[in-house]
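The next block holds one structure in the form of structure tokens; read it before the comments.
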Amino acid sequence: MPVENADIATIFDEVADLLEISGASFFRVRAYRNASRVIRDLSRSLASMTSEPGFKLEDLPGVGKDLAAKIREILETGDLRLRRDLERDVPVGLIDVTRVAGLGPRKAHALFLELGVTDLESLGTAAKLGEIQGVKGFGPKTEANILEGIYAVKGLGNRTLWADAERKVRAVMEHMSAVPGLKRLEAAGSFRRRVETVGDLDILVVCDDPDAAAARFVTIPGVSRVVARGPTRSSVVVDGEFQVDLRVVEEDSFGAAMQYFTGSQAHSVALRSMALRKGLKLNEYGVFRDDEKIAGATEEEVYGALGLPLIPPELRENRGEIGAALEGRLPSLVEQSDVRGDLHLHTDATDGRASLADIAAAAKRKGYLYAAVTDHSKRVAMVKGLDERALLSSWREIEKLNERMSAFHLLKGVEVDVLEDGSLDIADDVLSRADFVIASVHYNTNMTRARMTRRIVKALENPHVDALAHPSGRKLNKRPPYQVNMEEVIAAAARFDAALELNSAPRRLDIDDQACRSARDHGVKVCISTDAHDVSELDFMRYGLNQARRGWLEKDDVLNCLTYRSLMKRLRH
DNA sequence: GCCGTTTTCGGCCCGACTGTTTTCAGTCG
């Protein structure tokens, strides 16, 4: 079993958590967290990189002599001695304990030493027995918060889908827009970075009366708990699980505050280090030289003071965007207006809810030049997937419809199932008559990584396949990606000149941002599709665009940004 | 534990809020 980057990162994360609980230096802990993030973000597997001549683990940022040796140990043995040693001293269950709001590593460790708390369960027991308020540094209030906190941790776990977060943001913004003397109101945080799932929400306001803002804030509909309420920062929990933070800032600090609260944390830390090297100080109030404030009102100004152009929020992950900005090679990110069509749609011939004519008309109304109708193939029997004959007859309908439409083209397509052995569910001579074939894995997804990778690569080998649908098969908060070597899939797509889909359904967003970037680096086109099963779902496109932008994609990287003529030229085998 | 235009030691992002304390540590973002 080859060791994956994620395995190494997970071990480092656990080591960081356990070190922190056992009271190690903050900087040592941070070193493990940094390295974990760097490794997780790599687009290629370390196992294969280390076998290349000239590659040194120490060249990775945040990896020195010691961590390089630890990575080698994990690659060779699959585990880390340090982790096993730590687990002997610190119960792993304490990591869950630190997830309880208000309990951090220090307090968790104190409860372990004083009361023998080892996990959430023993924590709950101790709290119910009233033992916690007897421990030094803990009082009755902390004990009550713990009881509530345990409940929240257990019920939680899932981050909110970006699309759902957007609805919550709208409601919060609408509520807050009634604050008297309001000057600015913006959402920051991971929501603004367009991260596929959002943990909590950060709202920034500029207003005449901070008290009024805080007072209005704690009356947001659905507030179940007020976590904090101060003159510049308040925090509530809505709908029982979603935390919303309010920051009240001065107008001349608004840009610095937006920068800071948009994050990511890694991006902000990198910016602050950069500021220090230039003899400046960056905080949420501005950029300072000695005690003089030299920037702060706008983000442009803040980045400018550091010698940088404004970096789009979607790129702020400390994955090379700062270096790219310094060198003037930030990507010009794809936008909705660049999109010329949608290449994955369903109709009521299978599991869609709209008729062919209706969804075609809706796509045209969106200003697209083309759309591909890609109903399921026969293997998806549950939704009456089409066989060769039904497919040919549906394509004849499309031809007729095309004759009646001007300045818009429907593509004769199919979402053809990839069978277990990598062959396709529709005969080649029929596929050869399609305009657009998107191949898709739906069944028997529980195979080994090697077999699944072979299955998908073989499908890509078929010259009729234009794209691979939802390549990882993941559903956010619902099911993990298949075991598949995405590196090999991307390499195969490059070899056979196929595109990879970025499926825009809010729960899929598959491929993810890192795979987008890797596809781009390999010259593989990405098609951003909605997989719409109804007219309204054509609007999913913007979720896919969010993800594409996080993946550094420019319009030239996106298949469905081509004009109709260029697309057809490309698709003709 | 990492890192270097303060380079092999001594820094490392930084401020607000809470609960507990009585001047501050821990947590959080």
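Being a predicted model, the structure only gives us computed values, none of them experimental. Naming convention: chains lettered A, B, ... in sequence-line order (proteins, then strands); numbering from 1 in each chain.
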Taking [M] as the reference, what is the distance to [N] when you measure between their [atom1] atoms (whole Å, please)?
N: B:dC28; M: B:dC13; atom1: C1'; answer: 14 Å
N: B:dT20; M: B:dG26; atom1: C1'; answer: 10 Å
N: B:dC12; M: B:dT6; atom1: C1'; answer: 14 Å
N: B:dT5; M: B:dG1; atom1: P; answer: 23 Å
N: B:dT7; M: B:dG11; atom1: P; answer: 13 Å
N: B:dC9; M: B:dC14; atom1: P; answer: 25 Å
N: B:dA16; M: B:dG10; atom1: C1'; answer: 28 Å

[X] has a side chain; which of [options] sits nearest to it?
X: A:S273; options: B:dC13, B:dA16, B:dG1; answer: B:dC13
X: A:T232; options: B:dG26, B:dG15, B:dC17; answer: B:dC17
X: A:R30; options: B:dC12, B:dA16, B:dT20; answer: B:dC12
X: A:P231; options: B:dG15, B:dC17, B:dT20; answer: B:dC17
X: A:A228; options: B:dT27, B:dT20, B:dC17; answer: B:dC17
X: A:Y285; options: B:dG15, B:dG1, B:dG29; answer: B:dG15
X: A:R233; options: B:dC14, B:dA16, B:dG29; answer: B:dA16
X: A:K107; options: B:dG26, B:dT20, B:dC14; answer: B:dG26

As an exercise, state the distance from [atom1] of [X] to [atom2] of [Y], rounded to the nearest 0.5 Å.
X: A:S48; Y: A:E488; atom1: OG; atom2: CD; result: 9.5 Å
X: A:F26; Y: A:L19; atom1: CZ; atom2: CG; result: 13.0 Å
X: A:M173; Y: A:L185; atom1: CE; atom2: CG; result: 4.0 Å
X: A:L123; Y: A:K128; atom1: CG; atom2: NZ; result: 10.0 Å

Under 4.0 angstrom, heavy atoms only, what part of the nucleic acid is [X] near: base, sugar-phosphate, or nothing?
X: A:K278; answer: nothing
X: A:V29; answer: nothing
X: A:F261; answer: nothing
X: A:V100; answer: sugar-phosphate
X: A:D202; answer: sugar-phosphate

- Task: Only one of A:Q265, A:R37, A:H267, A:R193 passes side-chain hydrogen bond (donor to acceptor under 3.5 Å, both in side chains) with A:E317; say which it is.
- Result: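 Result: among A:Q265, A:R37, A:H267, A:R193, A:R193 is the only option passing the side-chain hydrogen bond (donor to acceptor under 3.5 Å, both in side chains) with A:E317.
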In whole Å, I'd like the distance from the [atom1] atom of [X] to the [atom2] atom of [N].
X: A:F288; N: B:dG15; atom1: CZ; atom2: P; result: 9 Å
X: A:L18; N: B:dG1; atom1: CG; atom2: P; result: 14 Å
X: A:H267; N: B:dC13; atom1: NE2; atom2: P; result: 15 Å
X: A:R272; N: B:dG29; atom1: CZ; atom2: C1'; result: 10 Å
X: A:Q133; N: B:dG19; atom1: CD; atom2: P; result: 14 Å
X: A:R28; N: B:dG11; atom1: CZ; atom2: C1'; result: 18 Å
X: A:F138; N: B:dA25; atom1: CZ; atom2: C1'; result: 11 Å
X: A:E284; N: B:dC14; atom1: CD; atom2: P; result: 10 Å

- Would you say A:R72 has more than 12 foreign heavy atoms packed within less than 6.0 Å of its CZ?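 Yes.
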- Atom CD of A:E174 with >12 non-hydrogen neighbours under 6.0 angstrom: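 Not more than 12 within 6.0 Å, no.
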- Who does B:dT27 pair with, Watson-Crick or G-U, both distances under 3.5 Å?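 Across any shown strand, B:dT27 pairs with B:dA16.
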- If you pin A:P61 and A:L103 to their nearest nucleotides in DNA chain B, which one's is more 5'?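 The residue closer to the strand's 5' end, by nearest nucleotide, is A:P61.
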- Message: Return whichever of A:L67 or A:N145 has its heavy-atom-nearest nucleotide of DNA chain B closer to the 5' end.
- Response: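 Going by which nucleotide is closer to the 5' end, it is A:L67.
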- Does NZ or CZ of A:K70 fall inside the cone over A:F12's six-membered ring, less than 6.0 Å from its centre and within 45° of the axis?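 Here A:K70 fails the 6.0 Å and 45° test against A:F12.
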Side-chain N,O ([X]) to OP1/OP2 ([N]) below 4.0 Å:
X: A:N283; N: B:dG15; answer: yes
X: A:K281; N: B:dG15; answer: yes
X: A:K136; N: B:dT21; answer: no

- Do A:Y260 and B:dG29 have a side chain to base donor-acceptor pair shorter than 3.5 Å?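 Yes.
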